[in-house]
Amino acid sequence: MQAIAKFGLPRVVAVQHATLQELDLYRRTERAAMVRASAKPLGRRRHELFVVDDIDLRQMKLRGTLHGRRRTFRVEAMPAELRRLAVIEGDHGLEPMALFVGRGGRMPSKQRWEQIFDEAHLRSLRISDEHACDLVMPSRLRIHDTRHTFAVYMLQMLTQLILREESERMAGGGHAAYLTDHLSRNPLLILQRLLGHRRPSSTLRYLTYIRATNLLVSQAIAEWNDQDKTYADYAAALVGAGAA
C-alpha cells in the first residue's frame, strides 16, 4: 500500500490467517451476492469506470480503459477514488475489483466506512450494557483509535518478546549481541515501520501508555548491555564512525 497509506509512504500490511479465512467467507457469500446484484447498475455506468482487461501480477499493474483512453496504473499508487472505479468483466457482467463492496457495486467511501464503524460501536455499547460485562466501552470511539490501541499492545508485546529471546539466548551461553542486532530488532523501530511514521518521535509517545515501562527498560538495559561496554561507549563509537 502507498497511495492510501499514511503520508503516502509505501508499506506492507500483514494480515493474520484467521482474518483471511473470515474474508474468504465474506467473499464467497455476502460479496458474491452483492456482485451479482450490482452487475447491471455497473454496466449502465461503464463509461464512468476504469474497465480493467489486463492484470500484471508480477509488476502489480492494471491496464484498461478509463474515460475512453487506455491507461496503466501501479496498484499500490492508485488513490482511493480510482480504486472505487476499477472493475473487470466477470461471470455476471462488470464486477468491482475492490474486496469490500457497497450498494451499487462500488467500494465504500471514507464517509461510509465511518458510518459502518459508528454503527458497530453502538452495537458494542448495547451489548456491553445488556450483558453487564466487565469490558467498558468508551462513549466515543474513532477508527483512528484502533490504530493507537494496536500500537500500544504491539509495542509492549514486541518489547517482552525480544527481552525473552535475549534472556534465553544469554542463558544458553550465547554471547552479547552487537548493537546492530539491537537496532534491527528494536521494538520502536519495528513499530515505526508498521505504523508508517516518518519520525521516531511520533512512535516514542506510545511508551507513555505501556504499563511497567520503567521495568521493561531496566530489564532491557540489564539483559542487552555488553558487560564490557556502556551505552556511552556505543554512542562514542557511532559518532567516531560517522566522523570518519
Side-chain angles (χ1 to χ4, degrees), residues 1-28 30-32 34-117 142-144 146-148 150-151 154 184 188-200 202-203:
M1 299 198 313
Q2 179 177 349
I4 61 174
K6 190 171 184 178
F7 302 123
L9 297 176
R11 193 183 318 169
V12 174
V13 177
V15 182
Q16 292 178 311
H17 183 67
T19 303
L20 290 177
Q21 289 180 316
E22 295 291 336
L23 289 175
D24 186 56
L25 177 61
Y26 157 76
R27 182 185 62 82
R28 292 185 287 108
E30 184 179 344
R31 185 185 185 279
M34 191 73 74
V35 166
R36 287 194 296 270
S38 61
K40 289 184 178 179
L42 286 177
R44 291 193 292 267
R45 304 179 61 180
R46 176 184 288 267
H47 63 285
E48 304 174 11
L49 304 173
F50 175 35
V51 183
V52 176
D53 53 33
D54 183 15
I55 303 176
D56 186 339
L57 293 178
R58 186 174 63 84
Q59 297 185 350
M60 289 303 294
K61 291 183 178 180
L62 302 181
R63 299 181 180 88
T65 303
L66 176 63
H67 303 315
R69 295 176 51 197
R70 293 290 298 174
R71 302 292 302 273
T72 300
F73 297 99
R74 287 187 301 112
V75 173
E76 64 180 10
M78 291 173 62
E81 283 306 310
L82 180 56
R83 292 169 185 245
R84 296 188 73 223
L85 298 177
V87 296
I88 57 174
E89 293 283 358
D91 296 335
H92 304 281
L94 289 183
E95 176 180 333
M97 297 194 70
L99 173 61
F100 296 104
V101 181
R103 294 177 180 176
R106 301 284 293 277
M107 184 179 80
S109 63
K110 179 177 181 293
Q111 180 181 9
R112 178 54 186 152
W113 274 121
E114 291 173 347
Q115 291 174 347
I116 294 172
F117 190 84
R142 305 169 303 161
I143 293 179
H144 200 74
T146 61
R147 174 180 169 89
H148 295 313
F150 164 82
M154 179 60 72
S184 64
L188 281 170
L189 295 181
I190 295 173
L191 184 63
Q192 181 182 348
R193 290 195 296 269
L194 290 172
L195 295 178
H197 285 158
R198 290 183 291 185
R199 295 182 298 273
S202 299
T203 313

Practice task
Compare all side-chain heavy atoms of Arg112 with those of Arg106 and state whether any distance is below 4.5 angstrom.
Solution key: no
Could Lys61 and Asp56 be called an ion pair, given the rule that one side-chain N must be under 4.0 Å from one carboxylate O?
no
- Query: Please walk me through it: do Arg27 and Val35 pass side-chain contact (heavy atoms from CB on, under 4.5 Å)?
  - Reply: CA-CA 10 Å; Arg27 182 185 62 82; Val35 166; over 6 Å; no
dist Glu95:CD -> Ser38:OG (nearest 0.5 Å) comes out at 8.0 Å
Query - Heavy-atom side-chain contact between Leu62 and Asp54 under 4.5 Å - result: no
Residues Phe100 and Pro108: closest non-hydrogen pair is O-CD, 3.2 Å
Query raised in the report: When you measure from the side chain of Arg31 to the backbone N and O of Val101, does any donor-acceptor pair fall under 3.5 Å?
Result: no
**OP:** Give a yes or no on whether Gln21 atom CD has more than 12 heavy-atom contacts from other residues, nucleotides or ligands under 6.0 Å away.
**Re:** yes
When rounded to the nearest 0.5 Å, the distance separating NE2 of His67 from CG of Leu49 is 9.0 Å
> Charged N to carboxylate O below 4.0 Å: is that the case for Glu81 and Lys110?
Replying inline: no
Looking only at heavy atoms, the pair that brings Leu94 and Arg46 closest together is CD2-NH2, 3.7 Å
In this structure, CZ of Arg70 is separated from OG1 of Thr65 (nearest 0.5 Å) by 4.5 Å
When rounded to the nearest 0.5 Å, the distance separating NE2 of His92 from NZ of Lys40 is 12.5 Å
Rounded to the nearest 0.5 angstrom, the CZ-CZ distance for Phe73 and Phe50 is 5.5 Å
For this session: Report, as yes or no, whether the 6.0 Å neighbourhood of atom CZ on Arg103 holds more than 12 heavy atoms from other residues, nucleotides or ligands.
Result: no
Are any of the side-chain heavy atoms of Val52 and Arg63 separated by less than 4.5 Å?
no
Heavy-atom side-chain proximity of Met107 to Pro96 below 4.5 angstrom: no
Interatomic distance, CD@Glu48 vs CG@Leu42, rounded to 0.5 Å, equals 10.0 Å
| Expected output: side-chain Arg83 to main-chain Met78 donor-acceptor under 3.5 Å | yes
